[in-house]
Amino acid sequence: MLNLSKTSVLMVFATVMSFTGHAQVAAEASLTYNKLKDNNVLLRAVLTDAQESEPLANIELGFYSIQDTISTSLGKAISNEEGVAVLQGLSFESLLQKQDHTFIIAVEVLDENYQLTSREFTFSDVNMQLSFDEIDSVKQIVVTISTWDELGNLVPLEEADAYLYVPRMFSLLPIGDVYTDEEGQGMLEFPTDLPGDLNGGLEIIAQIEDHDEFGNVAVSESVNWGAPVTYETSKLPRALWSPDAPLWMWITFIVLMVGVWFHYGWVLINLRRIKYHSSDSELINYED
Amino acid sequence: MNFKETTQNLLKELAPTIEKFTWKDWLWTISLSLVILWGMYALYLQIARGHEVTGMRDNVVWGLYVANFIFFIGISYAGAIISGILHLMNLEWRKPIIRIAELITVIATIIGPLYILLCMGRLDRLHYLFIYPRLQSPITWDVIAILTYLVGSVIFLYLTLIRDFSILSTQQLNIGLKRKRIYRFLSLGFKNTSEQKVLLKVSTNIMAIIIIPIAIVVHSVLSWIFGMTLRPGWHSTIFGPYFVLAAVYSGTGVMILAMYFFRRLYGLQRYITKKHFVYLGYIMIMLGAGYGYFTFSEYLTDWYSSEKWNTELIDKLFNWQEYGGLFFFANVAGILLPFIVIGIPKLRTIESITLVSALMVLAMWVKRYLIVVPTLETTLIPMQETRPEYIHYTATWLEWALTFAGIAAFILMFKLASKFIPIIPIWETSESIKKKTSAIDTNVDLKSVTHA
Amino acid sequence: MNKSRREFVKKGAVAGAITAAGVSAWLKDQGIKEAGEKVKLLSQDGQLIEVDKAFLKLHAQANSEILAKNTMGREGIPGRKFVMVVDLSKCNNARKCVTACQKMHYLPEDKEWLNVKLMKDNEQSAPYWFPKMCFHCDNPPCVKVCPVDATFKRADGLVLIDNQRCIGCKFCMAACPYSTRVFNWDEPDLSQEVKDLPYSPETSVPSQHGTVEKCDFCPDMVRKGKLPDCVTACPNGVFYFGDEIEDAVTNGDETVRLSELLRDRAGYRFMEDLGTKPRVYYLPPTGRMFPVERGFKDLTEEQKERYKDVNLD
């Protein structure tokens, strides 16, 4: 396994040129392992041309979990225009793990025009927990991160970064990050005025990001630390800009209309009465 | 002589216009119909191809049509002022001209709103105005107010016609039986019995009073279509009264034109005299003074406040390259000229009063155009536009065709109405003649009428 | 296309009960030509399924038909108050927002619901690029004057137009002080495919002759939790979009608290004194990322011509 940089963790490049058969295109793959907050796993592979580094689109990739000699298929995905193939909806339990909670995932190109023998990527599982302390109205989030030793014992993870977010409608709002001490703990003061839901409830997500060994790992907890929000219901007030006109407007309108049409009606009734009071004589009375 | 003889003599004089449809009448009808047909062709093109055939575009969304709309609703005020106010003041000299005034009102109130229809992108959804109305919209106010006004004006016109219908249905006239029957039906069996006399008088008074506030409301809500927006030159608190005054003013001008027209056409010199022109001229310059005062006040305050967009608008109006010429004409012909001509006794003739009225009416039309178009060309955010038709409004021939068609329709309806009902109210004019005082007042050579 | 099939798809889409294999077989059954292109979808029970693209389109249609039928389009997304922040310091008139918007709403090139002005407030101050869209005012002058409730304000802050209600009086256009609205002066030039799309005030597609339209903040995208197209299209992250109640906005790259952004960058609303209460905030063009001249780089001659009156010195 080759570590390239902190940010391109676990991107292992493997170039294998084919010397046999018809001309196959050499391909490279990188894999990002994401353990989502609900213990679901999302695998994201990027497939590129080995020579030009151009993304390879519409190629089917197979994903496998490997332990010793056992290989289980996890699923298949087709790369998109950016060469990205995503496999999601996996449960973490479906990955075969060693005693020290490490596991191997392999990627294979299922297209005979491309050459990429099964590439293997090794990751370790990590245990991250969120707890909430509230002392004298100071709200603190405590992130505890631990990992497993070779014998399978839980040990604190030192000097690890975890980023904290609150999910909003379109994206995650960062609220800060923690750096773990020798006990594997990091603390962050929670802002006092962040809106939650109607009861102030909100979700907090802690994430280890682009880690060499652990990939992306997220956990989430709900807590009632937000400021409760109040918002108008869908009923709009009476206003000039809403469907319902202000009352004074209706009153003015009705008074005017009733006033005018009442008089029209009066006149029309008078016209009927004029007809009613007509005399039988054929002649008009010209006298005053 | 008695009152009956007076009416019979008057009827005899007016009868030919009702009895016969001369070749001259045909000529009028046909030539006016041709103009209307031209407009109908333009309308057909506009409906078939869409509003892109007009000069209106995204910045100047309203153009000639809206200017015409304000103009016609404006002149409809002739009736309100003459029949309403002069009726209440009980001025005898008004009597020969009330019919003309009321006809102007009804016809202009029918034609004006048609221009709003021309402006609508989806005529097929016109009924939405009634099934999904929003009370907050000045357009809703307008629809309701204009319909109410139209109904009121028709009632008023009808009230003053009942007695004439009665005369027409009982006197000897060279007309078909069918028409006679219509007149009889419309006369409501009016025989001037004491009850009928009172009922008619009460009704006329009610309408004379109520028509004044309605007229004011109609033109106020019309002005508020502009006043309720955040646009320079429109968003003004005096817009309501300004429009009302401008409307009465232009209505008086059209009244004088109509008087001149019918006087010449039907030889009514005996009834419509110089006195009528001069008196209406006096009313006109009084209103003109008020209108001029509002105009001065409006532009002076905009100029002083020096708000960015107001200044931009004022600059356009005072710039000879842009609207300077039209603005100059609107104010000189629309305010100053009537003062000079009617104010100086030597210049005061029927012809000169008619001429300045014609110029004034034209100037008032230009003024409406200047209210609508330059403001829409003055956007708050820079236009930054390259399409010339989006920057400057230029009316297309279709819009002009429909404008002239509207004027033609106005004249034609007037003309046709005068063939059906006496353009001079017989009963009321006879009443005037009967009263000695009013006889002197109207300066009519009564002998020729009474001893004919 | 016959009606019963549509009905079937609609019902199927609503129930979400169609399986990949089922859809495929059914599509064949119904004689729909498969596009051949397969798309991966996450089904409701968490399974990744593969469906033909032809189905997706039907699904989208069915969806917006549902939108059009019930009153969702008028009521808005519950509990939200959408807001946009435009960072003037990052705009270099790349016009990607404009073209993305036109693509999304099938607009011709000369119709811009969103455009970029070159502003220069006075002789002394420097010119800057100013993207201008509908401000979705909380006190909207356009909605006040609509006689038939065709343009309306929703509880989630959006001002939308129902072009099946609009009578084309253009009063709203005269009333909008920002000249945001555009009118279909003639029959819009749309492909039959687009014309057949079921209309909803949330999609604003297809345009209709004789009616008014404008920027809608892409509520059909927003409903799915996706950002409006102009936001994602901007290469410089100029537009931030979000929910005021949640106090967060994002430009796709970074997510920030709305209150902090406005406080730290002195956010303001355009022409605040008009009292229209826009839902769009601007961040002043201080500490700019690009010289203003950069905005002329990729413009056509016609586009350059638009800005000829602005003194760049």
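Throughout, a chain's letter reflects where its sequence line sits, starting with A, and its residues are numbered from 1.
Taking all atoms of both residues into account, the shortest heavy-atom contact from A:Met169 to C:Glu246 is N-OE1, 2.7 Å. The shortest heavy-atom contact between A:Leu173 and C:Val256 is CD1-C, 3.5 Å. Closest non-hydrogen pair, A:Ser171 versus C:Thr255, comes out as OG-OG1, 2.7 Å.
Residues meeting the ring-ring contact (aromatic ring centres under 6.0 Å, His included) test with A:Trp225, sequence neighbours left out: A:Phe132, A:Phe190. Listed by chain and number, the residues in a salt bridge (Lys or Arg N to Asp or Glu O under 4.0 Å) with C:Arg265 are C:Asp87 (sequence neighbours excluded). In terms of the salt bridge (Lys or Arg N to Asp or Glu O under 4.0 Å) criterion, residue partners of C:Glu254 (sequence neighbours excluded) are, by chain and number, C:Lys90.
If you measure heavy-atom distances from A:Ile175 to chain C, you find no contacts under 4.5 Å at all. Heavy-atom distances place the backbone of C:Asp138, and not its side chain, under 4.5 Å from chain A. In this structure, the portions of C:Val222 lying under 4.5 Å from any heavy atom of chain A include both its backbone and its side chain. Only the side chain of C:Asp149 comes within less than 4.5 Å of a heavy atom of chain A; its backbone N, CA, C and O stay farther away.
Atom OG1 of C:Thr276 is separated from atom CH2 of A:Trp241 by 13.0 Å, given to the nearest 0.5 angstrom.
Within 6.0 Å of atom CD in C:Glu272, more than 12 heavy atoms from other residues, nucleotides or ligands are found, so the atom counts as buried in its surroundings. C:Arg269 CZ: more than 12 foreign heavy atoms inside a 6.0 Å radius. The neighbour count for C:Lys96 NZ, taken as heavy atoms of other residues, nucleotides or ligands under 6.0 Å away, does not exceed 12.
Using a 4.5 Å cut-off between non-hydrogen atoms, no part of residues 249-256 of chain A approaches chain C.
Contacts with chain C were tallied for A:Gly226, A:Pro195, A:Ser242; A:Pro195 has the most, counting heavy-atom pairs under 4.5 Å. Counting heavy-atom pairs closer than 4.5 Å to chain A, the top residue among C:Gly225, C:Pro141, C:Cys146 is C:Gly225.
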Could you walk me through whether A:Asp193 and C:Arg257 pass the side chain to side chain contact (heavy atoms under 4.5 Å, CB included) test, one step at a time?
-> CA-CA 11 Å; A:Asp193 56 347; C:Arg257 288 188 68 175; 3.0 Å; yes
